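Report on the following structure.
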Amino acid sequence: MSQVIIRLPDSEIASAFLEWLDGAIDEGAQVILIEGLLGSGKSYLLERAAVRANIIRIELDDFLPRPADQNVAWQTHAIQGGAIANIQSALELKRPLLVSGAVAHPIITRATHHHSMRRIYCKRMSRVGEYVDWLDGEGLSPHADRSPEYFRSIYSYHAAQPWLQADLVLERFPDFQ
């Protein structure tokens, strides 16, 4: 499967996502990851997938302590909170699994080496006329250097450009622009 990039306003992104999701499942995808920086729309898409009754949905943020220790990496919190065991239990049900999280791929690969996996990357964009810019993508490495470990782990992961390995890149921008 080659990479698909969809750039749409917020009001249209969910229907495009669900159409792609249905196709990926029809092609045999058993594990679908949704990644992106904080505020990119991962949880929104996960909620929209609730209309698909057969899909198991896991939001990795649900495994984070509240409040989270800022001196501990995001993925360490998720793993210690039981994310891997929960993913493994969900996979035993033999239904499509949709996992959402800022750093989902390293966690899912620790839980399984599933061959029928698809990756989605969400980008929050800004649009002025015909000019479109990725709001989150600028300066990830320098920003990571001056952040506590919790955020540094997220920014460092995304500075390595995981969207290049994604099957689907969703670039969303506000409707009002």
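Please read these numbers as outputs of a predicted model, since none were measured by experiment. In this chain, residues are counted from 1 in sequence order.
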_CA sep, side-chain torsions, deciding dist, call: Ile55, Ile25, side chain to side chain contact (heavy atoms under 4.5 Å, CB included)_ = CA-CA 10 Å; Ile55 295 176; Ile25 291 171; 3.6 Å; yes
*Val99 and Leu38: same hydrophobic cluster, using ILVMFWY side-chain contacts below 4.5 Å?*
yes
*Are side-chain heavy atoms of His105 and Tyr157 found at a separation under 4.5 Å?*
yes
*Do any N or O atoms from the side chain of Arg95 and from the backbone of Asn54 form a donor-acceptor pair under 3.5 angstrom?*
yes
*Within the distance-only criterion (no hydrogens, no angle test), does the side chain of Ser156 pair as donor or acceptor with the backbone N or O of Ser153 below 3.5 angstrom?*
no
_Non-hydrogen atoms of Pro96 and Ala29 that approach each other most closely_ = CB-O, 4.4 Å
*Any side-chain heavy atom of Ile107 sitting closer than 4.5 Å to one from Ile84?*
yes
*Looking at Val169 and Trp163, what are the two nearest heavy atoms and their distance?*
CG2-O, 3.8 Å
*Who pairs with Ser43 by side-chain contact (heavy atoms from CB on, under 4.5 Å), at least two apart in sequence or on another chain?*
Glu59
*Report the C-alpha separation of Leu97 and Ile58 in whole Å, then their side-chain angles, then the decisive distance to 0.1 Å, and conclude whether the side chain to side chain contact (heavy atoms under 4.5 Å, CB included) test is met.*
CA-CA 8 Å; Leu97 173 63; Ile58 295 177; 3.6 Å; yes
*Are Leu91 and Leu60 co-members of a hydrophobic cluster defined by side-chain heavy atoms under 4.5 Å apart?*
yes
*asked:* Donor-acceptor check, side chain of Lys42 to backbone of Leu37, threshold 3.5 angstrom: yes or no?
replied: yes
Under 3.5 Å donor-acceptor pairs involving side-chain atoms of residues 62-70, not counting sequence neighbours:
unit_1: Arg66; atom_1: NH2; unit_2: Asp61; atom_2: O; d: 3.1
unit_1: Asp69; atom_1: OD1; unit_2: Asn71; atom_2: N; d: 2.8
unit_1: Gln70; atom_1: NE2; unit_2: Ala68; atom_2: O; d: 3.2

_Assess whether a salt bridge exists between Arg119 and Glu35, defined as any Lys/Arg side-chain N lying under 4.0 Å from an Asp/Glu carboxylate O._
yes
*Give a yes or no on whether Gln88 atom CD has more than 12 heavy-atom contacts from other residues, nucleotides or ligands under 6.0 Å away.*
yes
*Distance, nearest 0.5 Å, that separates OG of Ser15 from CH2 of Trp20*: 15.0 Å
_Test side chain to side chain contact (heavy atoms under 4.5 Å, CB included) on Gln165 and Gln3; report intermediate values, then the result._
CA-CA 8 Å; Gln165 286 77 44; Gln3 186 179 68; over 6 Å; no
*Quick one: are the ring centres of Tyr121 and His158 less than 6.0 Å apart?*
yes
_Count I, L, V, M, F, W, Y as connected when their side-chain heavy atoms are under 4.5 Å apart, and connections chain through other members. Are Val72 and Val103 then in the same cluster?_
no
_Separation between CD of Glu149 and CD1 of Ile154, rounded to the nearest 0.5 Å_ = 10.0 Å
*Using atom types as modelled and distance alone, determine if a side-chain donor or acceptor of Arg118 lies under 3.5 Å from a backbone N or O of Leu33.*
no
*Side-chain (Arg152) to main-chain (Ser147) donor-acceptor, under 3.5 angstrom*: yes
*asked:* Which heavy atom of Ala90 sits nearest to which heavy atom of Ile56, and what is that distance?
replied: O-CD1, 3.6 Å
*Distance, nearest 0.5 Å, that separates CG of Asp22 from CZ of Phe17*: 9.0 Å
*Taking all atoms of both residues into account, what is the closest heavy-atom pair of Ala14 and Leu45, and its distance?*
CA-CD2, 4.3 Å
*Determine, using the 4.5 Å side-chain heavy-atom cutoff (strictly less than), whether Leu8 and Ile34 are members of one ILVMFWY cluster.*
yes
*Arg48 side chain vs Tyr44 backbone, donor-acceptor pair below 3.5 Å*: yes
*asked:* Please evaluate residues Phe173 and Arg7 with respect to the criterion side chain to side chain contact (heavy atoms under 4.5 Å, CB included), reporting the C-alpha separation (whole Å), side-chain torsions for both, the decisive distance (0.1 Å), and the verdict.
replied: CA-CA 8 Å; Phe173 53 88; Arg7 180 180 289 165; 3.8 Å; yes
